[in-house]
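Each residue takes its place number in the sequence, starting with 1. Order of listing sets the numbers, starting from 1, for every ligand and every atom in it.
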Amino acid sequence: MKQKIEAFLDLVRQRNGHELEFMQAVEEVAETVIPYIVNNDIYHGNNILLRMCEPERVISFRVCWADDDGEIQVNRGYRIQMNSAIGPYKGGLRFHPTVNMSILKFLAFEQVFKNSLTTLPMGGGKGGSDFNPKGKSENEIMRFCQAFMTELCRHIGPNTDIPAGDIGVGSREIGYLYGMYKKLNNEFTGVLTGKGVTWGGSLIRPEATGYGTVYFAQNMLSLKKDSFKNKNVVISGSGNVAQYAAEKAISLGAKVLTMSDSSGFIYDSNGIDMKKLEYIMNLKNVKRGRISEYVKNYPKSMFNKGEKPWSTPCDIALPCATQNELDENDAKKLVSNGCFCVSEGANMPSTKDAISVFHKSKILFAPGKASNAGGVATSGLEMTQNSLRSHWSREEVDEKLKDIMLNIHNSCIEYGKQDDGYIDYVKGANIAGFVKVADAMLAQGIV
Ligand code: NDP
């Protein structure tokens, strides 16, 4: 089996060897899905996984815009349309200086499996730009979004490709992107998700990824007859996903000890309660400030410059910032300090070696493609509401989100339960996500 996996990876490497994040995502999937393919005749010999590794379409384009000083800036925009076997392409847009083809292809590849797990009819895609929103004025953000959409609008549509937010793209950016799409196409349609609730957005969409990450962890804990109550929780990030993961964990009775950004992490031994979280939300979403400012307001807390929060003793860890933010050493520290549950809010935050540590220690570990699928699932619910020209209540959407997270959890058990009873959620998510897409691809022929 090892040889088969290596032979497959060699083939993918020939074309993509320089794309490290993409290869990392493919390796993780290949190691769990190839043994399944080999044992299932209908998939064997059809090169389905190889086809899934090649994007259906890659769009790269120039984005020119003028900054507040009148200087002309040039950025690069992308959209990866990875797989449309089970529905139109769906996946976020990331605006961050590190954005490149490898990062977007890894995100698009993961998205295909994630969207399949939600059971909603959505293919996978991802896009973005190397534009850095930090330090830009409101007008510069708007002009960039408009310039970006001027090209992107040719490639997307409510039945073709429906982007959403990701790092650096929140409700403000979705507003500017949507406004430009509407102007260029002269139609009010559900072409983007994460829209404001008064103009086609869904209630609970902003909260959905963070809430879903906690719901998934809750499902894992309840198998062990445990819960969030009185647990110490360590969270990385302080953006959209981290904020709502914190909110849900606090509401379930947990004590949230840390949050972070790319400059370091804050540690509050008394716990970040709802009032303190409100301060963080205002700081990050309105003032666009840095997490270090928390300490000025709450002097009993600490700011650890340039550090990640994983050495903080905790019961539950929720990595909610970015890819590869938790490595083997971090994983060892978490486990040796008593952490027994990790639920990924970010995409691929744990390195392969970190995941091995979690698996060897037999702690509960949920990979992002399963545990953070609540965001895209609620985007799917937003698309349904747009098509029906209807608007569901907060409770209705939240119930549907909980159901979806439970179903994903159960699919992971179906394909990931080991002989000793341990649940390998990585294996479970990869195979369950693969099966639905593979069946559709087989039915649709060699296209
Ligand atoms: P935001 O832009 O709202 O927040 C990102 C947070 O992560 C910020 O606190 C940011 O800090 C921090 N961060 C970003 N890059 C780094 C880095 N290199 N090192 C340390 N910290 C970093 O993004 P989201 O909360 O939306 O996304 C977070 C993660 O969740 C991403 O992996 C994303 O792909 C994933 N995700 C998001 C979904 C969504 O619905 N938004 C859905 C599913 C997954 P700083 O401000 O300093 O940059």
Relative to the heavy atoms of [X], which atoms of ligand 1 are at a distance of less than 4.0 Å?
| X | value |
| --- | --- |
| G237 | 9 (O) |
| S260 | 9 (O) |
| R205 | 40 (O) |
| K134 | 45 (P), 46 (O), 47 (O), 48 (O) |
| S238 | 9 (O) |
| G168 | 2 (O) |

Considering heavy atoms of the protein only, find what lies nearest to [atom] and give residue, atom and distance to 0.1 Å.
| atom | value |
| --- | --- |
| atom 20 (C) of ligand 1 | S262 CA, 3.5 Å |
| atom 16 (C) of ligand 1 | T322 CG2, 3.6 Å |
| atom 4 (O) of ligand 1 | G239 CA, 3.3 Å |
| atom 24 (P) of ligand 1 | V241 CG2, 3.8 Å |

Is [X] close to ligand 1, meaning an N/O of one under 3.5 Å from an N/O of the other?
| X | result |
| --- | --- |
| N372 | no |
| N347 | yes |
| N240 | yes |

Of the side chain and backbone of [X], name the one, both, or neither that has a heavy atom under 4.0 Å from an atom of ligand 1.
| X | value |
| --- | --- |
| E325 | neither |
| R94 | side chain |
| E173 | neither |
| P349 | neither |
| T209 | side chain |
| C320 | backbone |

When you check the gap from the basic side-chain N to the acidic O, do [X] and [Y] get nearer than 4.0 Å?
| X | Y | value |
| --- | --- | --- |
| K105 | E19 | yes |
| K333 | D330 | yes |
| K402 | E399 | yes |

Side chains of F22 and M101 in contact at under 4.5 Å (non-hydrogen atoms):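 Side-chain contact under 4.5 Å: no.
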Side-chain touch F228/S251, heavy atoms, less than 4.5 angstrom: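 When only atoms from C-beta onward are counted, S251 and F228 do not touch, as no gap falls below 4.5 Å.
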Inter- and intrachain pairs under ring pair (Phe, Tyr, Trp, His ring centres under 6.0 Å), touching residues 307-355, at least two apart: none
Donor on one side chain, acceptor on other, T193 and K90, under 3.5 Å: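 Side-chain D/A pair, T193 to K90: present.
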N372 and E344: side chain donor to acceptor below 3.5 Å: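 Note: N372 and E344 side chains miss the donor-acceptor criterion.
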R76 CZ: over 12 foreign heavy atoms closer than 6.0 Å: no
Neighbour count >12 (heavy atoms, 6.0 Å) for atom CD, E278: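 At most 12 heavy atoms, drawn from other residues, nucleotides or ligands, come within 6.0 Å of this atom.
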F131 six-ring centre to K136 NZ/CZ under 6.0 Å and within 45° of normal: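 Yes, cation above the ring, under 6.0 Å and within 45°.
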Partner set under side chain to side chain contact (heavy atoms under 4.5 Å, CB included) for T160, not counting sequence neighbours: none
Identified ring-ring contact (aromatic ring centres under 6.0 Å, His included) counterpart of F148 within the set Y78, F95, W65: F95
Measuring from the heavy atoms of [X], does anything fall under 4.0 Å of ligand 1?
| X | value |
| --- | --- |
| G368 | no |
| Q243 | no |
| R290 | yes |

